[in-house]
Participant: 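My questions all concern the structure below.
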Amino acid sequence: MTQASNGQDRPLAPHTDCDVVVVGYGPVGMIIAGLLAQLGLDVVVVERWPQRYSLSRAGHLDGETMRTFQRLGVAREIELAARPMMEWSLVSADMEVLATVMLGKGGAGWKESYLSYQPEIEAVFDAKVRELGVQVHMGIVATGLQQSPDAVTLSVVPSHGPQADPRPGAQPSTVRAAYVIGADGARSWVRTAIGSERLDLGFPALDQLVIDFEPRDPDIHLPQLPEVYQVLDINRPLLAGRWSGARHSRFEFAVNEGESRAELVDEGRCWDLLARWDITPEMGRIERRAVYTFESTLATPWRQGRVLLVGDAAHTMPPFMGQGMCSGVRDAFNLSWKLAAVVRGEADETLLDTYESERAPHVRGLTEISMAFGEMVLTRDPDIARQRDDMLRAGNVPTPPIFPRLGTGIVAEGSEKELGTAVGRLSPQARVALDRSIDRLDEFGSGWRIVSRHAVPTALFHQGQRDLMTRLDMDVVHVSRGPGPGYYVDIDGEYGRWFQANHVQAFVQRPDGYVFGTARTVADLPALLDELAHILSRHGWHGRTAVSTPAVTSPGGNVADRR
């Protein structure tokens, strides 16, 4: 690895060497740059636009996304800028509440959903990325990409003009890196450069008018808009949200046939649409009014040699589950720990193949869920809409969907029936206490981890298994309702409930928080570690040099965590 930079803006040198260059500085580009820098890699970012985009696009975060922000060290700041989404209502065209879904649980240590104003959270990401030493170069557009067996060279020039095109006659520069990551959005230049194709998943391209309203008084009472309303109006389906971060409200109107973009973005027309909510120009200002086209696509492949795609460069989905940006953040976390292992020489390049094999089925499943939900709320057919509304009135409220499992990769093998529902999904995170300190579990350490309901005796593992744990720097966390030497106290009983619900006593957690596999009893852990060793080896991981010293033990004779 090359020496980390100090992250200050400065002119891009004629030639720069680094571990990873990220093309694109939207939220997903920021997150993966920060995660890689946090893991000790030297990262350079190039962004074609001269400044960060000043208006909001994505507005929803989920608890898993917040957990990633927690790992990056910015979650508490994001929590101050975002607002938890406590309920979501389906209402008729005449504002009859047909059903309300209460939210707030299931967020892996955080709330289930948050609403945010993107420029505010991006400012937090930007500050953290620079603090971690990432070189950020704005106003630089990529123009060429060449791969060799041991590196990839990116040719770049300064950009100019309203489309941030390459500046004519500008002196080119090169950035030579071990890997390039394309985080440059749905119209990705990097995706085109590697010849990756986009598969249309079948959702018809949908135009929506998006309006962000900023009241003069953020504390203004809007009784007609208490939280988030999905309005099931066959004449114009729409979403209306009281909160979009601390100071904004969000409205999304389906575009009707025959309406032009110019007509819809006219400020007077936007005020007419907002009048439905008794919102007037005297109350504040419209900060943004724009028509966006939503689509559902999946790129293939996500990796070509030393170049990889993340976020919208790899996949797009309609907004009805609020999972577009969240899926990009999942990409970033999944890829970051694997790419760092490859750059550090702990794994072969083949480990990177598990990035797409795990993430593509997951994001495709979420996209299909989002498409199905969109079809339900957007229907213009009066008979179908009447049946839907009657169903909701009768109490048949759609339950939040179970997110898909990761695809094949660094995950215990077997069907969901054989393995249970936890494997390949996000692990729980709850408050625990250790040495009189109380916090979410990830705050006590990150990386590979065994989490066990009962004590794990040192003698349980043979030397090869202990060597694996050492090479992975794997913590062993004993979570119990009762205190004991080296125990993490399950303050709210959430781990106890999780173990009971899943009929297991322990699980192995990956660096990105996903469950590799579970153990019905503590005695089954050695076999689970053997399976982990086999799967890691098969995918090119060989790890650090094993240290043949006994595992550290706690005073109670259990394998102790290495915090």
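The model shown is predicted, which means the values in this text are computed figures rather than measured ones. Reckoned from all heavy atoms, side chains included, excluding hydrogens, waters and symmetry mates.
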Participant: Is there a side-chain contact between L472 and L536 (heavy atoms, below 4.5 Å)?
Facilitator: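 L472 reaches L536 side chain to side chain.
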Participant: Could you tell me whether E197 atom CD has more than 12 heavy atoms of other residues or ligands within 6.0 Å of it?
Facilitator: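 For E197, atom CD is not crowded (no more than 12 foreign heavy atoms under 6.0 Å).
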Participant: Counting distance only, does the side-chain N/O of Q147 pair as donor-acceptor with the main-chain N or O of Q304 below 3.5 Å?
Facilitator: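 Such a contact is found between Q147 side chain and Q304 backbone.
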Participant: Taking the six-membered ring for Trp, are F507 and F499 parallel (under 30°), tilted (30 to 60°) or perpendicular (over 60°)?
Facilitator: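 F507 vs F499 ring planes: tilted.
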Participant: Which atom pair, heavy atoms only, marks the closest approach of V28 to A332?
Facilitator: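 So the two residues come closest at O-CB, 4.5 Å.
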Participant: Do any N or O atoms from the side chain of E47 and from the backbone of Y25 form a donor-acceptor pair under 3.5 angstrom?
Facilitator: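 Yes, because the side chain of E47 sits within donor-acceptor range (under 3.5 Å) of the backbone of Y25.
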Participant: Evaluate salt bridge (charged side-chain N to carboxylate O under 4.0 Å, His left out) for R306 paired with E349, printing each intermediate quantity in order.
Facilitator: CA-CA 9 Å; R306 292 179 171 272; E349 276 194 4; 3.4 Å; yes
Participant: List for me each residue that meets side chain to side chain contact (heavy atoms under 4.5 Å, CB included) alongside A433, sequence neighbours excluded, and say none if there are none.
Facilitator: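 Side chain to side chain contact (heavy atoms under 4.5 Å, CB included) list for A433, sorted by chain: I438, V489, I491.
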Participant: Apply side chain to side chain contact (heavy atoms under 4.5 Å, CB included) to S437 and list each qualifying residue two or more places apart in sequence or on a separate chain.
Facilitator: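 Side chain to side chain contact (heavy atoms under 4.5 Å, CB included) check on S437 returns F444.
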Participant: Checking R453 now: which residues fulfil salt bridge (charged side-chain N to carboxylate O under 4.0 Å, His left out) with it, not counting sequence neighbours?
Facilitator: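 Result, salt bridge (charged side-chain N to carboxylate O under 4.0 Å, His left out) vs R453: none returned.
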Participant: Where do A142 and V156 come nearest, in terms of heavy atoms and distance?
Facilitator: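 It is CA-CG1, 3.9 Å.
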Participant: To the closest 0.5 Å, what do you measure between CG (L532) and CZ (F516)?
Facilitator: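 Spacing of CG (L532) from CZ (F516) equals 4.5 Å.
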Participant: Verify, without hydrogens or angle tests, whether Q429 (side chain) and A108 (backbone) share a donor-acceptor contact under 3.5 angstrom.
Facilitator: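 Pair found, side chain donor or acceptor close to backbone of A108.
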Participant: Step by step, work out the side chain to side chain contact (heavy atoms under 4.5 Å, CB included) result for S116 and I78.
Facilitator: CA-CA 9 Å; S116 65; I78 298 300; 5.9 Å; no
Participant: When the side chains of residues 402-414 are checked against the rest of the protein, which donor-acceptor pairs come out under 3.5 Å, sequence neighbours left out?
Facilitator:
residue : atom : partner : partner atom : Å
R405    : NE   : V423    : O            : 3.0
E413    : OE2  : R538    : NH1          : 3.2
E413    : OE2  : R538    : NH2          : 2.2

Participant: Between E77 (side chain only) and V74 (backbone N and O only), is there a donor and an acceptor less than 3.5 Å apart?
Facilitator: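 Such a contact is absent between E77 side chain and V74 backbone.
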Participant: Can you find a side-chain donor-acceptor pair between S188 and R198 that sits under 3.5 Å?
Facilitator: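 No pair is found: no donor N or O on one side chain lies under 3.5 Å from an acceptor on the other.
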Participant: Please name all residues satisfying salt bridge (charged side-chain N to carboxylate O under 4.0 Å, His left out) with R83, sequence neighbours left out, ordered by chain then number.
Facilitator: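 None.
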Participant: Only counting residues at least two apart or in another chain, list the ones meeting side chain to side chain contact (heavy atoms under 4.5 Å, CB included) with A347.
Facilitator: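 For A347, the residues satisfying side chain to side chain contact (heavy atoms under 4.5 Å, CB included) (neighbours in sequence not counted) are A341, V342, L351, W541.
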Participant: Report, as yes or no, whether the 6.0 Å neighbourhood of atom CD on Q500 holds more than 12 heavy atoms from other residues, nucleotides or ligands.
Facilitator: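 No, the 6.0 Å shell around CD holds no more than 12 heavy atoms from other groups.
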Participant: L39 and R344: which non-hydrogen atoms are nearest, and at how many Å?
Facilitator: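 Heavy-atom minimum between the residues: O-NH1, 3.2 Å.
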Participant: Can you check side chain to side chain contact (heavy atoms under 4.5 Å, CB included) on E79 and W110, steps first, answer last?
Facilitator: CA-CA 10 Å; E79 193 175 26; W110 298 89; 3.5 Å; yes
Participant: Would you check if the side chain of S427 reaches a backbone N or O of V515 as a donor-acceptor pair within less than 3.5 Å?
Facilitator: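 Not at all, since once roles are kept as given, no pair shorter than 3.5 Å links the two residues.
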Participant: Between Y179 and G305, what is the shortest heavy-atom contact and its length?
Facilitator: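 What the structure gives for the nearest pair is CE2-O, 4.5 Å.
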Participant: Would you confirm whether the ring centroid of W88 sits within less than 6.0 angstrom of the ring centroid of F373?
Facilitator: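 Yes, the ring of F373 comes within the 6.0 Å limit of the ring of W88, centre to centre.
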Participant: What is the distance from atom CG of D42 to atom CD of Q135, rounded to the nearest 0.5 Å?
Facilitator: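 If I round to the nearest 0.5 Å, the distance is 6.5 Å.
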Participant: Within the side chain of Q509, is there an N or O that forms a donor-acceptor pair under 3.5 Å with the backbone of R449?
Facilitator: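 Such a contact is absent between Q509 side chain and R449 backbone.
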Participant: R76: what forms a salt bridge (charged side-chain N to carboxylate O under 4.0 Å, His left out) with it, not counting sequence neighbours?
Facilitator: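 Applying salt bridge (charged side-chain N to carboxylate O under 4.0 Å, His left out) to R76 gives D439.
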Participant: I'd like to know whether D126 forms a side chain to side chain contact (heavy atoms under 4.5 Å, CB included) with R52, so could you lay out the CA-CA distance, the side-chain angles of the two residues, the decisive distance to 0.1 Å, and finally the verdict.
Facilitator: CA-CA 9 Å; D126 178 59; R52 287 185 288 111; 3.8 Å; yes
Participant: Hey, does the side chain of T350 reach the backbone of H539 with a donor-acceptor pair shorter than 3.5 angstrom?
Facilitator: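 Looks like yes, one N/O pair under 3.5 Å.
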Participant: Among residues at least two apart in sequence or on other chains, which ones pass ring-ring contact (aromatic ring centres under 6.0 Å, His included) with Y355?
Facilitator: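 ring-ring contact (aromatic ring centres under 6.0 Å, His included) check on Y355 returns W302.
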Participant: Just checking, is any N or O donor in the side chain of N334 or Y514 under 3.5 Å from an acceptor N or O on the other one?
Facilitator: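 There is no such pair (donor and acceptor under 3.5 Å, judged by atom type) between the side chains of N334 and Y514.
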Participant: Of the non-hydrogen atoms in N502 and A422, which two are nearest, and what is the gap between them?
Facilitator: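 In this case the closest contact between N502 and A422 is OD1-CB, 3.6 Å.
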Participant: Between the side chain of T470 and the main-chain N/O of R466, is any donor-acceptor distance below 3.5 Å?
Facilitator: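 At least one qualifying donor-acceptor pair exists.
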Participant: Heavy atoms only: give me the nearest V45-G24 pair and the separation to one decimal.
Facilitator: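 The pair with the smallest heavy-atom distance is CG1-O, 3.9 Å.
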Participant: Side chains of H15 and T174: do they bring a donor and an acceptor to under 3.5 Å?
Facilitator: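 There is such a pair between these side chains.
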Participant: Output, in order, the C-alpha distance, side-chain angles, deciding distance and verdict of salt bridge (charged side-chain N to carboxylate O under 4.0 Å, His left out) for D512 and R510.
Facilitator: CA-CA 5 Å; D512 55 8; R510 306 183 342 165; 2.7 Å; yes
Participant: Looking only at atom types and distance, does a side-chain atom of S370 sit under 3.5 Å from a main-chain N or O of P318, one as donor and one as acceptor?
Facilitator: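 Side chain of S370 to backbone of P318: a pair is present.
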Participant: Report the residues that fulfil salt bridge (charged side-chain N to carboxylate O under 4.0 Å, His left out) with R497, sequence neighbours left out, ordered by chain and then residue number.
Facilitator: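 Here no residue qualifies.
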Participant: Counting only N and O atoms by type, is there a donor-acceptor contact under 3.5 Å from the side chain of S537 to the main-chain atoms of A533?
Facilitator: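 Answer holds: no.
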Participant: Is there any salt bridge (Lys or Arg N to Asp or Glu O under 4.0 Å) pair reaching into residues 324-343, and which pairs are they, with sequence neighbours excluded?
Facilitator: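 Every salt bridge (Lys or Arg N to Asp or Glu O under 4.0 Å) pair that includes a residue of residues 324-343, provided the two are not neighbours, is D62-R330, E64-R330, D331-R359, K338-E358.
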Participant: Would you list the atom pairs, donor with acceptor, under 3.5 Å between side chains in residues 522-530 and any protein atom, with sequence neighbours excluded?
Facilitator:
residue : atom : partner : partner atom : Å
D524    : OD2  : T521    : N            : 3.1
D524    : OD2  : T521    : OG1          : 3.1
D530    : OD1  : Q465    : NE2          : 3.1
D530    : OD2  : Q465    : NE2          : 3.3

Participant: Taking CD in Q146 as the centre, count heavy atoms belonging to other residues, nucleotides or ligands within less than 6.0 Å. Is the count above 12?
Facilitator: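 Count not over threshold, so no.
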Participant: Give every residue pair that meets the salt bridge (Lys or Arg N to Asp or Glu O under 4.0 Å) criterion with at least one member in residues 477-488, sequence neighbours excluded.
Facilitator: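 Passing the test, one end in residues 477-488: no pairs.
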Participant: Any chance you could measure L335, atom CG, to I181, atom CD1, to the nearest 0.5 Å?
Facilitator: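 Rounded to the nearest 0.5 Å, the CG-CD1 separation comes to 5.0 Å.
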